Structures are given as structure tokens and as C-alpha cells.
Amino acid sequence: MHTAEHILNKTMVRLFGIERAFSSHLERKKSKCDYRFNRALTVEEEKSIEDLVNEQLMRHLPVEEHWLSKANAEKRYNLTRLPEDAEDEIRIVTIGDYDACPCIGAHVQNTAEVGEFVLGSSSFENGVLRIRFKLNRPEVNK
């Protein structure tokens, strides 16, 4: 689920030029991400997001971790979500050539392990766009 969240975040950045989610809640069965946005999504946009996320997942991208000093990470990444007491070495998770960002979450080794991304619904209220999603993973859903 965490790897899918990274792909969704980068897709939102690329499609709409917005920041990554400022809040997310990831669960095994369903998850959500909240973005600062100015309107609701259209049905067509929801479909585009779902298609683009799945396109990246089907590329079988390697998921790797790298470590950077906090000073070097600050030059390349938004560190505002890091805790105040974060260590000097920051873990950067890269997903092929598609995404890279600081992260402490658990990830798969390859996007082929994620399954199909399903955008369940989206809603917009008070400048916040919420996207709800789940993963269809046949071996897990049986």
C-alpha cells in the first residue's frame, strides 16, 4: 500500500502541479490521501489518475532505498513532514525513474508486487481533496 501511495503522490504532482499529500492514512484494505487543491476531480480525472498509477505499477519498477545527510536531503526534497528529532541520515525511497522522496514506511521490492490500484472515490471540501483507494491483489483477497 505504501508503494502505491508514492506512485499516487507523484502522479498528482505530475498531473496537477501540486504538492504531495499533506496527510495520508494507509491500511491494508483501503487508504486515503489528502491534498491541498482548489476543486473536486472530474470522473475523467479520476480515471486518468487510476490509469496512470496502474501504468507505473505495471512497469515493474525497482523500489530501492538510499541514505542522504539531512543537509543534502533538504536541497532536493521537502522535509516538512519529518519529525523534529529525525536523524541526520535521511532514508530516500526511489521507485525506478518515477519517484523519489524521504520515507520511513515499508515497501515492496518491485512495483509488480503491488497489484492493481483502484481509486474508490474522491471528495473536495474546504480546500482539501481526499482520494480514497485500495489495491486488488488476488493472492491477498482470496
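We number each residue from 1, following the sequence as shown. Since this is a predicted model, take the numbers as computed values, not measurements.
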Are [X] and [Y] close enough that some pair of their side-chain heavy atoms sits under 4.5 Å apart?
X: Cys33; Y: Glu5; answer: yes
X: Ile7; Y: Leu57; answer: yes
X: Trp67; Y: Ile92; answer: no
X: Glu46; Y: Leu119; answer: yes

Neighbour count above 12 (heavy atom, 6.0 Å) for [X] [atom1]:
X: Lys30; atom1: NZ; answer: no
X: Lys32; atom1: NZ; answer: yes
X: Glu74; atom1: CD; answer: yes

query: Closest heavy-atom contact between Tyr98 and Thr11?
result: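 Scanning both residues completely, I find the closest heavy atoms to be OH-OG1, 2.8 Å.
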message: Using ring centroids (six-membered ring only for Trp), state whether Phe124 and Phe37 fall under 6.0 Å.
response: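 Judged by ring-centre distance (under 6.0 Å), Phe37 and Phe124 do not meet the cut-off.
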message: Checking the side chain of Gln56 only, and the main-chain atoms of Val53 only, is there a donor and an acceptor separated by less than 3.5 Å?
response: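 Looks like no, no N/O pair under 3.5 Å.
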query: Does the side chain of Thr3 come under 3.5 Å of the side chain of His107 through a donor N or O and an acceptor N or O?
result: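 Yes - a donor-acceptor pair under 3.5 Å links their side chains.
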- prompt: Is the cationic atom of Arg20 (NZ for Lys, CZ for Arg) positioned less than 6.0 Å from the six-membered ring centroid of Tyr35 and within 45 degrees of its normal?
  reply: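 That pair does not qualify as a cation-pi contact.
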- request: In plain terms, say whether Arg81 and Glu19 are close enough for a salt bridge, that is, a side-chain N and a carboxylate O under 4.0 Å apart.
  value: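 Salt bridge absent between Arg81 and Glu19.
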